[in-house]
Amino acid sequence: MFKSGHVKKIIFVLAVAVFCACSKSSDKGGETPDAFDKTAMLTNYADNLIIPGYTALQQKLQVLQTASDAFLAAPTIATQATLKTAYIDAQLQYERITSFHFGPAEVVLLDVFANFSGNLNYNFNTAGELTGFSIDSVNIEKNISTGTYNLATMDRASFYSQGFPALNYLYFGPNAIAKFGTNTAARVKYVKDVVTRLKGLTDGIITSWGTYRAEFISNTKTNSGSPIANMVNQMAYQMDLLKGPRTGWPFGKQSNGIVFATKVEAYFTGNSVALAVENINALKKTYTGGGSGKGLSDYLVALNKTQLNTDVLTQFDLVSTKLSAIPDPLSTSLTTQAAAVEAAYKEIQKLLTLLKTDVASATAVQISYVDNDGD
Amino acid sequence: MMGTKSEGFFSFGSITNRGAALFASSRQNVSIAPLITFRIVFGLLMFLSLIRFWYRGWITSVYVTPQFHFTYMGFEWVHPLGDLGMHLLFLTIIIAALLITLGLFYRIATVIFFIGFTYVELLDVTTYLNHYYFITLVAFLMIWLPANRDYSLDVLLQPEKRRKLVPAWTIGILRFQMAIVYIFAGLAKLDPDWLLDAQPMRTWLPAKTHLPIVGVFMYKTWVAYLFSWFGAVYDLFIVFFLINRKTRPYAYGVVVIFHIATAIFFPGIGMFPYVMIACSLIFFSGEFHERLQRFFPFYDHSVDETTYRFKYTPSVLIAIYIFLQLVIPLRFLLYPGHLFWHEEGYRFSWRVMLMEKAGSAYFTVKDKAHTIEVNNAEFLTPLQEKMMCTQPDLILKYAHHLAATYKTRGLVSPQVYGEIYVSLNGERSKLFIDTTANLAAEPVSWKHYNWVLPYSKQDK
């Protein structure tokens, strides 16, 4: 039958290789320490940044819900003022968790339902079209008047009619208080539904992290969909949002200088710059792992990329400074403080390049939100 | 007529007066068995690869979703066929792959597979992979090879078509193709970055510390050097050990280990390792394959000496093919500048896993009345954008597309400028192209692109 000389030889080579691999592992044992402990880094992220971040959001949404209920029960300037503090507080906390939009948050699509940025693949050139951080007030009013809506609907009108943008309009939009005078019950119900959904999504994410945590800290790969790749990709994505929807696009970068003042984030509360500053500071915190010595920045240092790390940190601070130099409300500053916006925009682009090109390359992470073969 | 033991022009037999011997031996007849195994394995692998591609949703994400495609020069007429069309095309190729394995309607199946697969590959440069190119070439060769003349449904239906012997060149050409892949991949690694800096291994390996047993070594620089040097030696010499009858079984064991290891370390390279493991079987002798095939179900043990004869041996065409295969990977020599930076003559040259390159690209479109910054995500998928950022010919194609698009949006003779930063092999990102060059006015050509800034290596 099959003269197996060849097969024996092939098997011999395979056996030798397996033997070598095994013996290598036994003689080295644990004597060669890891240059960098990625599991410790991921544990730091999960326990000190991500889970506390979502928990804080949950708490602040609870405060918001209480203030919201008080406002809905008696919509006055006084209750609105209390509500505003709670609302701003909650949205600022939201900015602190934007780089953790993966795993449980991605499953429920928190970013589109909580604070829709319009996605990146849209032309920001038509005033009428809902892009960037627009608010679909027409659809919101329609939902209220018809009473038939499903906030889980997967379309742009739905995204633009809930979460922080919808609350921004319903709480602080034009004649917000007066509008509760007509069709009160339906309007109150809609607001409550929006708040409940936002809180429900957050609650669900925290519950899911209970089980996802183990998976997160044990996966030290860097391929597409791995925790490390997710964080690097999210930071790059947030930088893209900062450059586009948060500043550059309403500023008119895509539209030959035509400003779209109403398309800034949180238009009616007028704190877009504060949100952007919070966003960039949170990104820096993500990058450094909260300064714990167990962050992506420390990983870069372990990879002998000290200079790159220093440059990235400097650039983070520069972006933060330049953004802070723009006075809120951004909707006005886009026109009156154009030089300051332009200056911030330039530094944002530099940081985006550093993260998307240098940091991603150094950590062998692909900036690509899909997986695919390569060579 | 006896089936000769010589294995065509890749035997170590006749090193002296090689030319004549080579020509003569390539015309001798050898067992058809290696071709049969090759046909079955290749067809099966293609069948599974294509189903995997479909299953992962890549037909849609790569060929349906994108609104713009980077076509190859001269193949601008190749267009995707829409959602249904692309899936039907894939279905056709998948069926063709199955027919190749079964050896049913073999000639038609190979023609359909070759045309279909090549059409798909020509749709978008950003999906270029060396092993797709390899598959295209092998599919082309298989059209002309009598790989269905034994152990096939074609022979079952028409027993008189069965042949046990084929001209040695029909197997030799496949071995030649394998040799081209390995040796050029090896030559490409004789590069200072690869050998002296152990790049890109030094960048990629620290990302592999999750691997059991070997993971703890991945931060070690010497491991990156070991990988780089071993990879170079392997690619350069494995073919010679596969050709030599005595070393062949050991060499094949090394092939299996090497490619399984690359599959474990770099899962992103997809089917490439399996393609190489499967196709390397062609180096085994007719005897080996005959013994192997005895294990196949319904194998016909009857022996005869029927010989497949070509009406005429296409010697000139084979010579041209071989010449092209030798020359195409060397065309980079005609271009000035650093190959990895400019990538002129980089594709179709078996440069696999050779560099880590990433970039960010910002484009501005202008005319007298407009200055508009381009949002790449509006036109490109993330994958396309990633590939475009670092490859000059794609940058230019995209810039021309932008000029055309913005013309329809009301700009008068739009100018397109790019501010692009590229990082190569772990170095810091640098400005890639001349920011003052109006890309809309730069022609697409085979000539050196002067608007790409020269490369300068810097300290890390």
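Just so you know, these numbers come straight off a predicted model, no measurement behind them. Naming: A, B, ... by sequence-line order, numbering from 1 per chain.
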Quick one: does any side-chain atom of B/H370 pair with a main-chain N or O of A/N256 as donor and acceptor, under 3.5 Å?
no

Side chain, backbone, both or neither: which part of B/A369 has a non-hydrogen atom closer than 4.5 Å to chain A?
backbone

Heavy-atom proximity to chain B below 4.5 Å, by part of A/T363
backbone

In terms of the angle between their ring planes, are A/F316 and A/Y287 parallel, tilted or perpendicular, with boundaries placed at 30° and 60°?
tilted

Decide whether a cation-pi geometry holds between B/R202 and B/Y219; the criteria are a distance under 6.0 Å from NZ or CZ to the six-membered ring centre and an angle within 45° of the ring axis.
no

Return the option, out of B/A261, B/G57, B/P206, with the maximum number of heavy-atom pairs under 4.5 Å with chain A.
B/P206

Relative to chain B, which segment of A/L354 carries a heavy atom at a distance below 4.5 Å: side chain, backbone, both, or neither?
side chain

Quick one: what part of B/Y421 sits under 4.5 Å from any heavy atom of chain A, side chain, backbone, both or neither?
both

State yes or no: are the ring centers of B/W58 and B/Y63 separated by less than 6.0 Å?
no

Counting the benzene-type ring for Trp, do A/Y345 and A/F251 have ring centres under 6.0 Å apart?
no

Holding to side-chain contact (heavy atoms from CB on, under 4.5 Å), I want the full list of residues that pass it with B/E378, two or more places apart in sequence or in another chain.
A/N123, A/Q254, B/N375, B/Y406, B/R409

Heavy-atom pairs under 4.5 Å with chain B are the metric here; pick the option from A/N219, A/L303, A/T39, A/D311 that has the most.
A/D311

Below 30° counts as parallel, above 60° as perpendicular, anything between as tilted: where do the rings of B/Y234 and B/F258 land?
parallel

Tell me, for A/N119 versus chain B, whether the close heavy atoms (under 4.5 Å) come from the side chain, the backbone, both or neither.
neither

Heavy-atom cut-off 4.5 Å, strictly under: side chain, backbone, both or neither for A/L308 against chain B?
both

At a 4.5 Å cut-off on heavy atoms, which part of B/F379 comes close to chain A: side chain, backbone, both, or neither?
neither

Using the test ring-ring contact (aromatic ring centres under 6.0 Å, His included), find all partners of A/Y299 that sit at least two apart in sequence or belong to another chain.
A/F36

Looking only at heavy atoms and a cut-off of under 4.5 Å, which of A/G252, A/A362, A/A364, A/S361 has the most pairs with chain B?
A/S361

For chain A, the option from B/A207, B/S423, B/A358, B/G359 that forms the most heavy-atom pairs under 4.5 Å
B/A207

